[in-house]
Number of protein chains: 2
Amino acid sequence: MHNAFTPHTSGDLNYLKSLNRSTILSTVRRSPGLSRADIALRTGLTKATVGSVVQALAERGWLREGELHSRGGGRPGRALYLDGERHYMLGAEVGVKGLRLVACNLLGVVLASIHQEEPPTDPATTAKRLAALLVQLRQAPDIVERRCLGLGVAVPGPVSPKAPILSLAPNLGWVDIDFLALLREQPDLPDGVWLLDNEANAAAFGEFYFFEGVPPESIAYISAGSGIGCGVVSGEHFPLVPRGHQGLVGEIGHTVIQPGGALCHCGNHGCAETLVSGWALREALHVDIDASLSNAVQTRAGDGEVQAVMKRAGEALGLLMLNLHHTLNPSMLILGGSLMKLGESLTGPALAYFGTHQNDLLRQSQTVPVKVIGDSTYVAARGAAAQVMARAAIEV
Amino acid sequence: MHNAFTPHTSGDLNYLKSLNRSTILSTVRRSPGLSRADIALRTGLTKATVGSVVQALAERGWLREGELHSRGGGRPGRALYLDGERHYMLGAEVGVKGLRLVACNLLGVVLASIHQEEPPTDPATTAKRLAALLVQLRQAPDIVERRCLGLGVAVPGPVSPKAPILSLAPNLGWVDIDFLALLREQPDLPDGVWLLDNEANAAAFGEFYFFEGVPPESIAYISAGSGIGCGVVSGEHFPLVPRGHQGLVGEIGHTVIQPGGALCHCGNHGCAETLVSGWALREALHVDIDASLSNAVQTRAGDGEVQAVMKRAGEALGLLMLNLHHTLNPSMLILGGSLMKLGESLTGPALAYFGTHQNDLLRQSQTVPVKVIGDSTYVAARGAAAQVMARAAIEV
DNA sequence: ACACTTAGTTAATAGTATTTACTAACCATC
DNA sequence: GATGGTTAGTAAATACTATTAACTAAGTGT
């Protein structure tokens with residue numbers, strides 16, 4: 001199984017143990033600083049169970065004790081935190097424009113990263129390049145003495161839910177690539193969990209798993225770059241990413257939102273990607289394929305044509321957000337991807353459209369919060385690392 | 001919890017037992033006639049565990065033994081089936097046009113049903129009507145001596161995922177109704193599990209749970225009636241229905257597929273419901289609100305205007321199916337709801353549009369199968385009953 | 001009649017979380 | 001500064017789970 005977490009269907013005692021261990025771990029992840037007693041209260045487990053599990057997790061370097069609580073009353077509890085010192089996870093993104101790698105700790109803090117701006121060529125060569133960068137990354141001083149939990153790789157296309165295989169990467173021209181197998185042929189690579197996932201799914205998972213602040217119930221992460229995809233995550237203790245029958249969940253770039261509209265490279269007319277995506281904007285703005293889109297937009301900011309194109313693209317994005325709201329209904333939307341570098345000119349119309357249209361159905365005053373990530377360079381790579389952690393946590 | 005099945009987050013030994021019991025039950029449901037040894041092989045449980053669980057389930061009237069296998073080799077196994085004789089579940093649909101009730105057994109066979117074509121008025125009166133019909137239904141000869149597992153109610157609008165409350169039923173003018181509470185005030189009602197769910201979700205659950213033939217991996221059930229909604233189900237042993245933050249998952253009738261199109265009652269322009277829904281078709285064809293839509297379409301079948309309207313509506317439905325494919329990616333689509341009575345004139349263009357557009361993305365030869373349910377009178381009610389069974393199975 | 005094979009049950013075993021009783025530690029008050 | 005009250009955490013005994021290993025049951029083929 002390459003999923004971050006696939007619930008077992010039938011259970012032995014081992015499964016029960018691992019379930020409770022993961023539950024306790026995720027409780028601390030989502031609410032750092034709880035005491036054993038707090039955890040027992042929240043999870044419904046007994047103090048005794050929590051105590052023994054916490055002890056085991058502390059010995060293995062997953063949890064550490066912190067300061068004493070001071071709530072008055074009786075004996076103060078001992079705060080518990082994820083231990084950020086003894087492990088790390090590797091995450092990599094094979095992007096259309098280059099490779100991105102991170103190593104991060106259990107708290108989601110990036111300990112080291114590498115960003116190489118050079119488009120992938122063929123799968124085998126790319127695997128070789130990636131392997132070399134991984135070796136380099138693992139030599140960073142703060143990493144060498146830690147234990148590696150595994151490696152997650154994010155790729156720009158749908159991954160089969162049956163096996164960790166990249167079905168299609170339209171912008172790379174790759175079809176049915178077993179990228180992890182290619183990677184495994186390389187020397188000096190880490191042990192542990194190895195996972196492959198779609199870039200938007202990985203990003204969504206990471207943003208959900210390492211969310212700072214009150215954790216949302218579920219999120220949809222819209223990745224707007226060369227193409228446009230979307231990842232969905234929900235689940236308190238075991239965040240699940242729906243993938244669907246062929247791994248096409250969240251391929252919203254190819255939902256038709258303008259019947260009879262422009263021809264998409266997928267063969268249909270009026271796909272969302274014909275309105276809001278890297279290649280659609282380049283075409284509409286006559287920007288060269290290698291030139292920086294955001295530079296072009298900024299230098300021609302006063303240009304009426306540019307403003308019109310951006311408004312149209314932004315509203316298409318807002319419409320996608322609205323349709324997502326009525327289809328997957330996440331409790332939070334996150335916008336990421338390289339297109340977010342275009343800033344207000346894109347997000348302005350998108351948020352305006354979404355804001356003015358979203359609440360007509362239920363007539364509730366509450367709005368779905370939207371978070372925009374300006375620089376999402378390492379978001380997918382870190383998300384892949386997060387998936388490794390989630391998977392490793394059920395084994396420990 | 002009003003969900004059919006909410007996985008526990010932390011587990012005691014009771015939970016483990018119930019998990020294995022449900023797993024075994026669902027294995028027999030999906031593959032009737034397996035032996036204990038077959039089940040052990042499929043689930044990974046040991047023969048001893050399967051044996052003891054099967055014994056308990058047989059004593060309680062959930063499983064029954066059947067014929068001996070004849071596979072040659074050693075001692076033949078004893079076929080196991082769900083026991084259709086000792087229990088029943090009640091399911092009811094509060095529809096825009098009337099009330100529908102079923103009682104069915106563990107195999108999904110409808111033992112008795114009542115269909116009352118009279119639109120609901122206010123919630124309290126409707127609850128009273130429904131309660132009376134339930135009493136009547138339970139007096140059917142094949143039902144009185146059985147044990148009732150509970151009651152599921154399907155309603156025409158989103159249900160809050162937090163509590164069993166109908167948030168909004170636009171076609172009834174109901175807002176935030178605790179229908180089960182109103183029902184509970186009535187006399188002579190059954191004990192057991194009580195559930196409330198959206199009509200499309202209930203229908204989807206039932207079609208998945210009681211699927212005849214090789215069970216699909218996941219399905220989306222599109223309910224096209226006065227409005228247009230959709231339910232999604234996946235999960236081998238514990239079918240899950242995603243509901244989302246506000247219960248809006250599958251509200252595809254309000255996805256915008258024609259920007260700047262006709263005004264929808266939700267306030268937006270170009271929602272799918274403005275193209276394909278009962279009220280949109282009535283309006284386009286100048287059919288009276290109470291008259292039969294299918295009669296009108298059939299009598300004017302040669303009419304060019306009618307054909308054009310139906311083609312446009314059908315293609316909008318096909319487009320919705322396509323967008324669903326790229327958003328939720330179910331392994332099977334099921335079309336139901338009262339609009340299916342319009343037959344080929346609607347489904348023809350829909351299937352044609354979906355068929356010619358669906359495979360361009362992955363370029364795989366496999367197509368997503370589509371099943372059309374012509375008469376879906378009791379589909380939602382039976383689905384609500386199925387949810388009761390799924391819920392009761394984890395308690396037994 | 002016999003060996004062979006597979007199905008299913010039984011009793012002993014290992015492992016899980018819980019229960020119950022305990023110790024630890026802090027606070028307020030006398 | 002000792003004492004009682006309160007909450008946190010641990011330890012040992014207990015109840016319950018699924019597994020293991022050995023068994024019986026019931027067919028087929030020679």
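Chain A is the first sequence line, chain B the second, and so forth, proteins listed ahead of strands; every chain is numbered from 1.
- Rounded to whole angstrom, the span from the CZ atom of Arg78(A) across to the P atom of dT10(D) amounts to 11 Å.
- The interatomic distance linking Arg71(B) (CZ) with dT28(D) (C1') rounds to 15 Å, in whole Å.
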* Stepwise, does the salt bridge (charged side-chain N to carboxylate O under 4.0 Å, His left out) test hold for Glu207(B) with Arg382(B)? -> CA-CA 9 Å; Glu207(B) 292 307 294; Arg382(B) 193 178 76 134; 3.6 Å; yes

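- Separating the NE2 atom of His69(B) from the P atom of dA26(D) is a distance of 16 Å, rounded to the nearest angstrom.
- Atom CD1 in Ile24(A) sits about 14 Å away from atom C1' in dG9(D), given to the nearest Å.
- Regarding contacts with the backbone of dA17(C), a side-chain N or O of Asn20(A) is found under 4.0 angstrom from either OP1 or OP2.
- Comparing dA15(D), dA14(C), dC26(C) by their nearest atom to the side chain of Pro76(A) picks out dC26(C).
- Within residues 26-37 of chain A, the residues that have a heavy atom under 4.0 Å from DNA chain D are, in order of number, Ser35(A), Arg36(A), Ala37(A).
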* Arg42(A) vs Glu236(A), salt bridge (charged side-chain N to carboxylate O under 4.0 Å, His left out): CA-CA, chis, key distance, verdict -> CA-CA 12 Å; Arg42(A) 291 201 184 194; Glu236(A) 191 175 357; over 6 Å; no

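- Distance, Arg42(B) CZ to dA7(C) P: 13 Å, rounded to whole Å.
- The Lys47(B) side chain lies nearest to dG8(C) when the options are dA14(C), dG8(C), dT20(D).
- Residue Gly73(B) is in base contact, counting any heavy-atom pair closer than 4.0 Å across all strands shown.
- Each of Gly74(B) and Gly51(A) was matched to the nucleotide of DNA chain D holding its nearest heavy atom; the match closer to the 5' end belongs to Gly51(A).
- At whole-Å resolution of the value, CG in Leu19(A) and C1' in dG15(C) are 16 Å apart.
- In this entry the distance linking CZ of Arg21(A) with C1' of dT16(C) reads 12 Å, nearest Å.
- Side chains of Arg147(A) and Tyr88(A): no donor on one and acceptor on the other come within 3.5 Å.
- The list of salt bridge (Lys or Arg N to Asp or Glu O under 4.0 Å) pairs with a residue in residues 66-84 of chain B, not counting sequence neighbours, reads Asp38(B)-Arg71(B).
- When each of Asn20(A), Thr27(A), Thr49(A) is checked for a side chain to side chain contact (heavy atoms under 4.5 Å, CB included) with Thr43(A), only Thr27(A) meets the rule.
- Side-chain N/O atoms of Thr46(A) include none lying less than 4.0 angstrom from OP1 or OP2 on dA17(C).
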Listed pairs under 3.5 Å, donor-acceptor, residues 210-220 of chain A side chains, sequence neighbours left out:
from      : atom 1 : to        : atom 2 : distance (Å)
Glu217(A) : OE1    : Lys162(B) : NZ     : 2.7
Glu217(A) : OE2    : Lys162(B) : NZ     : 3.3
Ser218(A) : OG     : Ser331(A) : N      : 3.1

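- Distance Leu45(A) CG to dT16(C) P: 14 Å, rounded to the nearest Å.
- Here Lys17(A) lies in heavy-atom contact (under 4.0 Å) with sugar-phosphate atoms only.
- Exactly one residue among Arg29(A), Glu85(A), Met89(A), Arg64(A) makes a side chain to side chain contact (heavy atoms under 4.5 Å, CB included) with Leu106(A). That residue is Met89(A).
- In this model, no side-chain donor or acceptor of Arg75(B) finds a partner on the base of dA26(D) within 3.5 Å.
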